[in-house]
Each structure stands twice: as structure tokens, then as C-alpha cells.
Trainee: 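Handing you this structure, nothing more for now.
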Amino acid sequence: RFSIEIPGGESMKQMCEGRLLTFHQNLLNYLEGESIKKILVVSHGRAIQGMRYLMEKWDKDRMIRELKSHPENCSLTSYTFDGSKNFTLQFYNQVFY
């Protein structure tokens with residue numbers, strides 16, 4: 001499932017190893033040496049799961065298990081950044097409305 005490509009689309013693997021990896025690397029480069037306190041990223045559910053895969057350093061099996069669920073509409077996921085390329089999940093898929 002992780003590498004299954006949707007006709008005319010991309011697989012989760014392609015998305016994670018392509019545009020999300022580029023975004024993740026750009027985010028890390030941006031955060032290096034910055035004193036930024038908060039960054040807001042707005043995205044769709046599968047991209048959120050793909051970023052969790054990268055930020056939390058999941059293996060393929062964990063990603064396949066996680067693909068069985070979907071983040072709720074308008075939910076929030078929060079991380080802290082330790083300044084050395086590591087993110088720590090604070091909460092996932094929390095709805096505050």
C-alpha cells in the first residue's frame with residue numbers, strides 16, 4: 001500500500017521521497033540558526049501522514065499501519081524542534097471546535 005500508485009497520481013512512497021522530503025529538508029534548513037518560535041503549516045491528511053513519516057522517522061511498516069486512519073478535518077498536529085534536526089510530536093489529530 002505504501003508504494004501503490006493511484007492512476008494519474010503518486011504513491012505515498014513517491015510523495016514522501018519526493019516533494020515532502022524536499023519540503024522537510026527546506027524546513028530543517030530554514031529552522032537552523034533561527035529563533036523562530038512557531039510555524040504554521042496547512043495541509044491535507046495524506047501529506048500530514050507523510051510528514052509524520054519523515055519527522056518521526058517511521059519505518060515502512062509503521063507507515064502502512066498509519067495509512068488505515070485519516071486525520072480529522074481541521075485537526076491540529078504539533079511538534080517541538082530541538083534545534084538539531086529532531087522533531088518531537090506533542091499531539092496529533094486534535095480537534096478544538
Side-chain angles (χ1 to χ4, degrees):
R1 293 176 182 230
F2 183 57
S3 61
I4 296 173
E5 183 176 345
I6 298 169
E10 63 187 341
S11 69
M12 280 298 291
K13 181 178 180 184
Q14 290 169 323
M15 182 172 62
C16 290
E17 293 176 352
R19 58 192 169 107
L20 290 181
L21 182 58
T22 299
F23 177 79
H24 184 252
Q25 290 170 335
N26 288 336
L27 181 61
L28 287 171
N29 290 339
Y30 182 75
L31 290 171
E32 279 187 280
E34 294 291 329
S35 60
I36 295 170
K37 301 293 182 195
K38 296 180 183 181
I39 294 176
L40 174 67
V41 177
V42 179
S43 187
H44 295 280
R46 290 294 187 215
I48 292 167
Q49 289 172 309
M51 285 304 294
R52 289 191 70 203
Y53 169 78
L54 296 170
M55 294 170 81
E56 297 174 41
K57 300 174 176 98
W58 290 350
D59 61 20
K60 178 183 167 186
D61 291 332
R62 169 88 188 263
M63 174 56 102
I64 291 169
R65 285 193 311 272
E66 294 290 338
L67 287 175
K68 294 175 184 172
S69 66
H70 300 276
E72 295 291 324
N73 285 338
C74 300
S75 67
L76 298 176
T77 299
S78 178
Y79 289 89
T80 56
F81 179 69
D82 71 3
S84 63
K85 300 190 179 194
N86 293 306
F87 293 93
T88 302
L89 180 67
Q90 298 302 302
F91 58 84
Y92 166 69
N93 197 26
Q94 294 295 306
V95 178
F96 296 97
Y97 57 88

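It should be emphasised that the depicted structure is a prediction, and the values quoted were computed from it without experimental measurement. Computed over heavy atoms, backbone and side chain alike; hydrogens, waters and symmetry mates excluded.
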Trainee: A quick test of your reading: do over 12 heavy atoms of other residues, nucleotides or ligands sit less than 6.0 Å from CG of D82?
Mentor: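 Yes, the 6.0 Å shell around CG holds more than 12 heavy atoms from other groups.
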Trainee: Measure the CD1-CE distance between I48 and M55 for me, rounded to the nearest 0.5 Å.
Mentor: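 Here the interatomic distance stands at 11.5 Å.
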Trainee: Among the clusters formed by ILVMFWY side chains lying less than 4.5 Å apart, do L76 and M51 turn up in the same one?
Mentor: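 Each belongs to a different hydrophobic cluster.
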Trainee: If you compare all heavy atoms of M63 against all heavy atoms of M12, which two are closest, and at what distance to 0.1 Å?
Mentor: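 Heavy atoms only, the tightest pair is CE-CE, 3.6 Å.
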Trainee: Would you mind listing every side chain to side chain donor-acceptor pair (under 3.5 Å) that reaches into residues 88-97, with sequence neighbours excluded?
Mentor: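 Of all non-adjacent pairs touching residues 88-97, those that pass side chain to side chain donor-acceptor pair (under 3.5 Å) are S75-N93, T80-Q90.
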Trainee: Could you tell me the separation between the CG atom of N26 and the CG atom of L21, rounded to the nearest 0.5 Å?
Mentor: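 CG of L21 is found 9.5 Å from CG of N26.
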Trainee: My understanding is that only residues two or more places apart in sequence, or in another chain, count here; which of them pass ring-ring contact (aromatic ring centres under 6.0 Å, His included) with F81?
Mentor: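 Listed in chain order: F87.
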Trainee: Is C16 close to H24 at the side-chain level, that is, under 4.5 Å between some pair of heavy atoms?
Mentor: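 Sidechains of C16 and H24: no contact.
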Trainee: If only atom types and distance count, is the side chain of D61 paired as donor or acceptor with the main-chain N or O of D59 below 3.5 Å?
Mentor: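 No.
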Trainee: When you measure from the side chain of R19 to the backbone N and O of Q14, does any donor-acceptor pair fall under 3.5 Å?
Mentor: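 No; judged by distance alone, with no hydrogens or angles, the pair does not exist.
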Trainee: Do you see a donor-acceptor pair shorter than 3.5 Å between the side chains of E56 and Y79?
Mentor: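 Looking only at side-chain atoms, Y79 and E56 do form a donor-acceptor pair, the distance falling under 3.5 Å.
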Trainee: Is it true that W58 and L89 fall in one hydrophobic cluster, defined by side-chain heavy atoms closer than 4.5 Å?
Mentor: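 W58 clusters together with L89.
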Trainee: In the structure I gave you, are the side-chain heavy atoms of V41 and F23 within less than 4.5 Å of one another anywhere?
Mentor: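 Result yes, sub-4.5 Å side-chain heavy-atom pair found.
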Trainee: Can you find a heavy atom in the side chain of K85 that is under 4.5 Å from one in the side chain of L31?
Mentor: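 Result no, sub-4.5 Å side-chain heavy-atom pair not found.
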Trainee: Mind running side-chain hydrogen bond (donor to acceptor under 3.5 Å, both in side chains) on R52 and Q49 for me, showing each step along the way?
Mentor: CA-CA 5 Å; R52 289 191 70 203; Q49 289 172 309; over 6 Å; no
Trainee: How far apart are the closest heavy atoms of L20 and G50, and which atoms are they?
Mentor: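 Smallest interatomic distance, heavy atoms only, reads CD1-CA, 3.6 Å.
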